[in-house]
Amino acid sequence: MPELPEVETVRRGLEPVMTGQRLVRVEQNRPDLRFPFPPRFRERLEGQSVLSLGRRAKYLLVDLSSGEVLIMHLGMSGRFTIIDPTQKQSPGAFHHDTGGTALHDHVVFHLESGAHIIYNDPRRFGFMDLQPRHSIETSRHFKSMGLEPLGNELNGDRIRTLFEGKKAPLKAALLDQSLIAGLGNIYVCEALYRAGLSPKRRAGTLSSPRGVMKEKADELAKIIRDVLNEAVEAGGSSLRDFAQTDGSLGYFQHRFRVYDREGKNCLTKSCGGVIKRLVQSGRSTFYCPKWQK
DNA sequence: AAGCGAACCTGGCTGC
DNA sequence: TGCAGCCAGGTTCGCT
């Protein structure tokens, strides 16, 4: 379930296992995922040490001793599984215990510690790339990327500026990675619900300098940060299981207030509305028509 | 030029 | 039980 909080959870799970480790061997089981792997992918990784693990929006960034950065995106179905023989494993927890290669295991990183990390991605919407560290900001994945929602940059003023004059629905504007980078379908629905804003409203209406909308952009900015931070913390609480599970359990899903709740009652106190589903730019939007205006 | 729908893939679930 | 149809966390491309 890789939106920003899930990617951050993955980063935190991989960090203690990979940091300072040399990549002794890399298996690459097919020529491409969403895009072809970069030329000499394995050769450029093998023998390098991992200096640190970072994240930008939904991208994982592995800083290597070669001066290159391994850029990884999980797409819709990408998952990492850590196999660490020095750690005890819960019995029968995982098919990888056999040491065999499971279907859709596309890349395996072998570390000098003896641990290895498997990248599995049935739909192959994920991808991996290598770019020099000094030019990462101008590389094709990042050059037109919007601001980081969990940094200090996101506030009401930035939202007002970014959305000024926009006729696109608010839902679409929040999903636009060139404006704010990292929000996905679930957390946009959740944030709009908490803010009481209709996903169908024109994004530009948040830029109004006066009237009832004056403070709404400030409120939305805070809510976006809150929703993401809560989800990161919920993911963090599941990190204990990171190495042994297949990651299919949603960390945060039992906390959804609106996502995937079509036909259920609106949880806003005394609202009495019913959650509706509609399709915007090809994706499901869940919202309460009575409460979100 | 912004804004929208389709495309890229596989797998899981629902309903006939 | 089998099979068709629909749906899914994201991004990119191409058409208005």
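Below, chains carry the letters A, B, ... as their sequence lines are ordered, and counting in each starts from 1.
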Contacts of type side-chain contact (heavy atoms from CB on, under 4.5 Å), residue Q21(A), not counting sequence neighbours = L111(A), E112(A), S113(A)

Looking only at dG10(C), dC7(C), dG11(B), the nucleotide nearest the P122(A) side chain is dG11(B)

Contact summary for C288(A) and G273(A), nearest pair of heavy atoms = SG-CA, 4.1 Å

Give a yes/no answer on whether the side chain of S281(A) brings an N or O atom under 4.0 Å of OP1 or OP2 in dG3(B).
-> no

d(CZ, F35(A); P, dA7(B)) in whole Å | 18 Å

Quick one: R56(A) CZ to dG10(C) P, roughly how many Å, whole number?
-> 16 Å

Taking the six-membered ring of Y119(A) as reference, does the NZ or CZ atom of R30(A) fall below 6.0 Å from its centre and within a 45° cone about the axis?
-> no

Quickly work out the I186(A) CD1 to dC7(C) P distance and round it to whole Å.
-> 16 Å

Hey, mind stepping through Y59(A) and H141(A) against side chain to side chain contact (heavy atoms under 4.5 Å, CB included) and telling me if it holds?
-> CA-CA 9 Å; Y59(A) 294 74; H141(A) 305 114; 3.9 Å; yes

dT12(C) base to R34(A) side chain: any donor-acceptor pair below 3.5 Å?
-> no

Of V279(A) and R124(A), the one whose closest nucleotide on DNA chain B sits nearer the 5' end is V279(A)

Rounded to the nearest angstrom, tell me the gap between atom CZ in F286(A) and atom P in dC7(C).
-> 10 Å

Criterion salt bridge (Lys or Arg N to Asp or Glu O under 4.0 Å) on R124(A) and D121(A), from CA distance to verdict | CA-CA 5 Å; R124(A) 302 200 305 276; D121(A) 186 358; over 6 Å; no

Grab the stems for DNA chain C, please: at least three consecutive Watson-Crick or wobble pairs, both distances below 3.5 Å, written as range with range.
-> B:2-8 with C:10-16, B:10-16 with C:2-8

Separation of the P atoms in dA1(B) and dT11(C), to the nearest angstrom = 24 Å

Hey, does the side chain of H73(A) come within less than 4.0 Å of dG10(C)'s phosphate (OP1/OP2), counting only N and O?
-> no

Apply the test side chain to side chain contact (heavy atoms under 4.5 Å, CB included) to residues S198(A) and L192(A): give CA-CA distance (whole Å), side-chain angles for both, the deciding distance (0.1 Å), then the verdict.
-> CA-CA 7 Å; S198(A) 169; L192(A) 287 174; over 6 Å; no

Measure the distance between the ring centre of F125(A) and the centre of the six-membered base ring of dC8(B), then answer whether it is under 5.5 Å with planes under 30°.
-> yes

dG5(B) to dC7(C) separation - P atoms, rounded to the nearest Å = 15 Å

Got a donor-acceptor contact below 3.5 angstrom from the E8(A) side chain to the L4(A) backbone?
-> no

Distance between C1' atoms of dG11(B) and dT12(C) (Å, rounded) | 23 Å

Could you give the CG-to-P distance, from D121(A) to dT10(B), as a whole number of Å?
-> 11 Å

The nucleotide from dC7(C), dT12(C), dG10(C) with an atom nearest the side chain of N185(A) is dG10(C)

Indicate the atoms forming the closest heavy-atom contact of L220(A) with A195(A), along with that distance.
-> CD1-CB, 4.0 Å

Look at all strands and tell whether S284(A) reaches a base, only sugar-phosphate, or nothing, counting heavy atoms closer than 4.0 Å.
-> sugar-phosphate

Cationic N near anionic O, under 4.0 Å, D218(A) to R160(A) = yes

Protein-nucleotide distance (Y59(A), atom OH; dG10(C), atom P), rounded to Å | 12 Å

Over all atoms of both residues, closest heavy-atom pair of E3(A) and K58(A) = C-CG, 4.2 Å

Given dG11(B), dC9(B), dA7(B), the nucleotide with the shortest approach to the side chain of R123(A) = dC9(B)

Could you state the atom-to-atom distance from CZ of R283(A) to C1' of dC6(C) in whole Å?
-> 15 Å

Interface with DNA chain C, restricted to residues 165-179 of chain A and to heavy atoms under 4.0 Å | Q177(A)

Report yes if a side-chain nitrogen or oxygen of H104(A) is closer than 4.0 Å to either non-bridging phosphate oxygen (OP1 or OP2) of dC9(B); otherwise report no.
-> no

